Amino acid sequence: MADKQISLPAKLINGGIAGLIGVTCVFPIDLAKTRLQNQQNGARLYTSMSDCLIKTIRSEGYFGMYRGAAVNLTLVTPEKAIKLAANDFFRQHLSKDGKLTLVKEMLAGCGAGTCQVIVTTPMEMLKIQLQDAGRIAAQRKLMPETVAAGTVETKSPTAMQLTRELLKEKGIAGLYKGLGATLLRDVPFSIIYFPLFANLNNLGKRGSEGPAPFYVSFISGCAAGSTAAVAVNPVDVIKTRLQSLNRGSTEDTYSGVTDCIRKILHNEGPSAFLKGAYCRALVIAPLFGIAQVIYFLGVGEFILSFLPKKDN
């Protein structure tokens, strides 16, 4: 991405389109990841990703796999646009003669990860409630012992209803619950992803100056994305647990990051921090692979070329 100068509007369009395509393709796997991560010992409804998806289709229908997708599709455009544009902004301002040291590449990724949580935190907060609603409903039917006595089954709320309730009860802070955990996940992710992608992509360049072929960008995006995703999965488990509002009666509640870490280690063991890791890798790999292909194909520039140009 540092190989060519791209205008900010083109970066935003590229990031937005890539996010929309990517999320549409991998959202069912993301839903399985959330439900697997939220499972605690004694309330295991799903045994694997495939088991989760099969049970979801049986109990909620095909579109049950897309619970919360509307939130993601609405907010993923600004989220991905901010992430990609911020990384390019920092890379351009930190580079000397178009070259970056590894430390500066990591700083650029850190800046991108920090910027994106403005959108990521409320998006994840709403998405997790909608994705996990089906798990809670299934537990109520199949594992009634995990539901508190006297609990009345309620209809799953919409994203707008959740937003209104959170704003009414807790103000804007309600939408930013888990902000610290989101930062702890997204900043290290970007620190790992962007330098790793840039260096892998450079290996496939045509000559010293030519850009890498699009398939190299795709493979580099997939490899870097899956590596970074697995590396930060423990923090993603913590973030998912902290942001989940509804739980079964036998499931733990958490007061913060340290309390969450302590209870997971004590009650479930270290392996619990890897729950949903392969799902997350399967989500992130194509998501960022598609993003890099769209970016390098210059879809944003192509769209902007149809707009009338201002006369100087």
Side-chain angles (χ1 to χ4, degrees), residues 22-23 26-56 65 68 72 109 113 117 120-121 124-125 127-129 131-132 134-136 138-139 143 146 177-193 196-197 221-244 247-248 250-289:
V23 167
V26 302
F27 194 84
I29 304 174
D30 186 64
L31 178 134
K33 180 216 63 138
T34 298
R35 294 187 176 183
L36 288 170
Q37 286 182 339
N38 261 334
Q39 287 191 140
Q40 298 183 23
N41 288 352
R44 294 178 63 84
L45 182 63
Y46 311 112
T47 58
S48 64
M49 178 185 73
S50 57
D51 181 58
C52 178
L53 293 176
I54 290 169
K55 287 178 178 176
T56 298
M65 295 191 298
N72 243 34
V117 297
T120 303
T121 306
E124 293 271 321
M125 181 69 187
K127 182 194 73 171
I128 285 171
Q129 312 318 314
Q131 285 182 328
D132 206 40
R135 181 184 70 91
I136 300 297
Q139 277 187 353
M143 305 172 69
T146 65
K177 184 181 180 183
L179 175 62
T182 306
L183 276 168
L184 287 174
R185 182 196 67 172
D186 288 351
V187 171
F189 178 93
S190 295
I191 288 174
I192 297 168
Y193 171 78
L196 182 57
F197 166 76
C222 289
S226 58
T227 301
V230 173
V232 302
N233 193 75
V235 188
D236 190 55
V237 172
I238 295 167
K239 183 197 72 65
T240 300
R241 297 280 182 94
L242 288 174
Q243 289 187 320
S244 296
R247 302 185 186 282
T250 61
E251 294 179 338
D252 291 325
T253 56
Y254 312 103
S255 60
V257 173
T258 54
D259 181 56
C260 185
I261 294 171
R262 182 178 59 80
K263 286 181 178 177
I264 289 175
L265 283 173
H266 182 265
N267 299 327
E268 302 173 63
S271 62
F273 290 109
L274 292 177
K275 284 184 176 181
Y278 65 97
C279 291
R280 184 162 163 76
L282 288 174
V283 167
I284 297 296
L287 196 62
F288 278 84

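All values derive from a computational prediction rather than experimental measurement.
Residue G109 comes nearest to S190 through the heavy atom pair O-CB, 2.8 Å, listed as atom of the first residue, atom of the second, then distance. The two residues C279 and L36 come nearest to each other via the heavy atoms SG-CD1, 3.8 Å. The two residues V257 and A181 come nearest to each other via the heavy atoms CG2-CB, 4.3 Å. Heavy atoms only, all atoms of each residue included: A231 and I192 are closest at CB-CD1, 3.8 Å. For the residue pair L287 and V23, the shortest heavy atom distance occurs at CD1-N, 3.4 Å. The shortest heavy-atom contact between G178 and T121 is C-CG2, 4.4 Å.
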- Query: Would I284 and Y193 count as a side-chain contact (heavy atoms from CB on, under 4.5 Å) if you check the C-alpha gap in whole Å, the side-chain angles of each, and the deciding distance to 0.1 Å?
  - Reply: CA-CA 11 Å; I284 297 296; Y193 171 78; 5.9 Å; no
message: Q131 vs F27, test: side-chain contact (heavy atoms from CB on, under 4.5 Å). Steps then yes/no.
response: CA-CA 10 Å; Q131 285 182 328; F27 194 84; 3.2 Å; yes
N38 vs R135, side-chain contact (heavy atoms from CB on, under 4.5 Å): CA-CA, chis, key distance, verdict: CA-CA 9 Å; N38 261 334; R135 181 184 70 91; 3.7 Å; yes
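Under the 3.5 Å distance criterion, the side-chain polar atoms of K55 are left unmatched by any main-chain donor or acceptor of Y46. In terms of modelled atom types and a separation under 3.5 Å, the side chain of S226 and the main chain of A223 share a donor-acceptor contact. Side chain of Q40 to main chain of D252: a donor-acceptor pair is present (N/O by atom type, distance under 3.5 Å, no hydrogens or angles). Here the side chain of Q129 pairs a donor or acceptor atom with the backbone of Q243 at under 3.5 angstrom. Checked by atom type and distance alone, the side chain of R35 never pairs as donor or acceptor with a backbone atom of L53 at under 3.5 Å. For K177 (side chain) and L242 (main-chain N/O), a donor-acceptor pair under 3.5 Å exists by modelled atom type. For K263 (side chain) and T253 (main-chain N/O), a donor-acceptor pair under 3.5 Å exists by modelled atom type.
Between atom CD of residue Q37 and atom CD1 of residue I238 there is a gap of 10.5 Å, rounded to the nearest 0.5 Å. Between T34 atom OG1 and K275 atom NZ the span is 13.0 Å, to the nearest 0.5 Å. Separation of atoms CG (L265) and OG (S271) is listed at 10.0 Å; rounding is to 0.5 Å. Between the SG atom of C260 and the CD1 atom of I264 there is a distance of 3.5 Å, given to the nearest 0.5 Å. For the atom pair S244 OG and Y254 OH, the distance stands at 9.0 Å (nearest 0.5 Å). With values rounded to the nearest 0.5 angstrom, R280 atom CZ is found 13.0 Å from I29 atom CD1.
Between D236 and K33 the shortest side-chain heavy-atom distance falls below 4.5 Å. Residues K239 and L184 fail the side-chain proximity criterion, which asks for heavy atoms closer than 4.5 Å. Contact of the P188 side chain with the V235 side chain is not registered, since no non-hydrogen atoms from C-beta on lie closer than 4.5 Å.
For the residue pair R185/T120, the side-chain donor-acceptor check at 3.5 Å is not satisfied.
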